[in-house]
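To keep things clear, I will list the structure first and then write my remarks on it.
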Amino acid sequence: MLIECEPETSPGIRLDSASVAYTIYTSGSTGKPKGVEVTHRNVVNLLCSMRQVPGLDERDRLLAVTTLSFDIAVLELFLPLITGAHLILASRETAQDPRLLIKLLNESKATVMQATPATWRLLLEIGWTGSPGLRMFCGGEALPRKLANELLELGELWNMYGPTETTIWSSTSRVSPAEGPVTIGPPIHNTRFHVLDAKLQPTPIGVPGELHIGGDGVAKGYFRNPSLTAERFIPDPISKQPADRLYKTGDLVRYRPGGHLEFLGRLDNQVKVRGFRIELGDIESVLARNPDGP
């Protein structure tokens, strides 16, 4: 085989915490996808934080259902590897068929599964009644309160929040039965949340503002796009460290009295479908190329 002809020595590649671990592309408002450069430091910070909260260890069995084109797959693949947990990989066919997925959930005796609200809703719609000992991680888009309360009748539920530019998840919180919206927060380790107005001034409790995220999860920037990087990754006006940056999420939020955040919507035309970010400008640019007109 060709691989047997290759040298057995380690490749001469020098990496450090600032080296890019992966580049993942998201929708762009101009119709051109933008590549987010995520560093090893970013990923390690996420994994070390998630290892503690919500927590994963060698007794767990994580069922991975996410396509590799979605960055939350990074947590599913690497968190079990650093904790000694058992990793179960669902086939594409199984991940897309709720009946097959329920069968695998039960047969694998999974203790953790991460999915979008759309996937969890689909399982409920075909009569899923829960799996013993399963902890449910839910993220990728806003978690509706009605869905959350239905899932809580079946087991332990965690709400995950974070944009690609701050490395998958920037906060995680255990959800309890309640009325009103499911909130965001607190931030994961080495992560800062700031709710700022248009002048980059902190907003009081209850007053809407744009969520800005700082800390070790903030990505390097956009691949070969310095102008957009400078626009979205800005110097932290609150920090005393000159190198600290904030990512402007575009998410409109407000602090609630308990210190958690309420998601109010987007400041732009971005939408999410099954956890994937979609810029309406993306669709408009494709339609504009149609020779027969819109």
Side-chain angles (χ1 to χ4, degrees), residues 3 21-22 24 38 40-124 126-141 143 147-148 150-162 164 167-175 188-190 216-217 274-276:
I3 194 171
Y22 64 86
I24 189 164
V38 179
H40 287 269
R41 179 184 184 183
N42 298 150
V43 178
V44 168
N45 184 71
L46 169 80
L47 296 177
C48 289
S49 183
M50 291 292 146
R51 181 177 189 169
Q52 296 185 43
V53 181
L56 199 77
D57 60 35
E58 67 276 2
R59 297 168 295 179
D60 282 304
R61 301 172 63 82
L62 189 149
L63 176 55
V65 301
T66 307
T67 173
L68 292 178
S69 62
F70 195 176
D71 63 348
I72 68 175
V74 171
L75 181 142
E76 294 179 350
L77 297 179
F78 292 108
L79 189 56
L81 291 178
I82 72 165
T83 59
H86 192 98
L87 173 61
I88 304 140
L89 293 171
S91 67
R92 185 176 182 85
E93 178 187 11
T94 298
Q96 293 180 340
D97 187 325
R99 289 176 176 81
L100 293 178
L101 185 54
I102 290 174
K103 184 173 182 289
L104 181 57
L105 266 171
N106 294 330
E107 291 178 349
S108 67
K109 299 180 181 179
T111 62
V112 174
M113 190 177 92
Q114 172 185 249
T116 64
T119 297
W120 292 116
R121 185 182 295 109
L122 193 58
L123 293 177
L124 292 175
I126 67 163
W128 180 56
T129 56
S131 300
L134 180 69
R135 287 187 294 153
M136 298 167 282
F137 294 176
C138 189
E141 57 192 70
L143 173 58
L147 175 62
E150 290 175 0
L151 291 172
L152 285 167
E153 294 179 1
L154 307 180
E156 185 177 315
L157 176 65
W158 290 78
N159 184 38
M160 326 288 274
Y161 165 84
T164 298
T167 315
I168 310 171
W169 303 133
S170 295
S171 76
T172 178
S173 57
R174 186 169 178 177
V175 183
I188 67 169
H189 295 169
N190 305 309
D216 288 349
R274 299 187 180 92
F276 290 94

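Worth knowing before you read on, the calculation uses all heavy atoms, side chains too, and leaves out hydrogens, waters and symmetry mates. Since the model is a prediction, treat every value here as computed from it, not as a measurement.
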Would you name the heavy atoms of Val65 and Met113 that are closest together and state the gap between them? CG1-SD, 3.9 Å
Here the pair of heavy atoms bringing Leu46 nearest to Trp169 is CD1-O, 3.5 Å
Measuring from Ile88:CD1 to Glu107:CD, what's the distance to the nearest 0.5 Å? 11.0 Å
Would you mind reporting whether Leu134 and Leu63 have side-chain heavy atoms less than 4.5 Å apart? no
Step-by-step side chain to side chain contact (heavy atoms under 4.5 Å, CB included) determination, Ile102 to Ile126: CA-CA 10 Å; Ile102 290 174; Ile126 67 163; 3.6 Å; yes
Answer whether the closest heavy-atom distance between the side chains of Leu147 and Leu124 falls below 4.5 Å. yes
Heavy-atom closest pair, residues Met160 and Pro54: CE-CG, 4.4 Å
With a 3.5 Å distance limit and no angle check, can you tell me whether Thr67 reaches the backbone of Phe70 through a side-chain donor-acceptor pair? no
Rounding to 0.5 Å, atoms OG (Ser170) and CG (Asp216) come to a distance of 11.5 Å
Can Leu101 and Thr119 be said to form a side chain to side chain contact (heavy atoms under 4.5 Å, CB included), step by step? CA-CA 10 Å; Leu101 185 54; Thr119 297; 4.3 Å; yes
Side-chain heavy atoms of Leu105 within contact of Trp128, under 4.5 Å: yes
For Leu68, is the CG atom crowded, meaning more than 12 foreign heavy atoms sit under 6.0 Å from it? no
Value for CD (Glu141) from OH (Tyr161), rounded to nearest 0.5 Å, stands at 13.5 Å
For residues Ser173 and Asn159, is any side-chain donor paired with an opposing acceptor at under 3.5 Å? no
Would you check if the side chain of Glu76 reaches a backbone N or O of Thr66 as a donor-acceptor pair within less than 3.5 Å? yes
Apply side chain to side chain donor-acceptor pair (under 3.5 Å) to Asp57 and Thr83, showing your working. CA-CA 5 Å; Asp57 60 35; Thr83 59; over 6 Å; no
If you take all heavy atoms of His189 and Ser49, which pair is closest and at what distance? N-OG, 3.1 Å
Answer yes or no: is there a side-chain heavy-atom contact under 4.5 Å between Leu157 and Leu143? yes
When rounded to the nearest 0.5 angstrom, what is the spacing between CD in Glu93 and CG in Leu100? 5.5 Å
Could you grab the distance from atom CE of Met50 to atom CD1 of Ile82, nearest 0.5 Å is fine? 11.0 Å
Verify side chain to side chain contact (heavy atoms under 4.5 Å, CB included) between Asn45 and Ile188, making sure each step is shown before the conclusion. CA-CA 9 Å; Asn45 184 71; Ile188 67 169; 4.0 Å; yes
Phe137 versus Thr172: any side-chain heavy-atom pair under 4.5 Å? no
Please give me the minimum heavy-atom distance between Leu75 and Ile168, naming the atom from each residue. N-CD1, 4.4 Å
Side chain proximity check, Arg135 to Asp60, heavy atoms < 4.5 angstrom: yes
Are the side chains of Leu89 and Leu77 in contact, using a 4.5 Å heavy-atom criterion? yes
Show the nearest heavy-atom pair for residues Thr116 and Cys138, with the distance to one decimal. C-SG, 4.2 Å
Leu62 side chain near Leu56 side chain, heavy-atom distance below 4.5 Å: yes
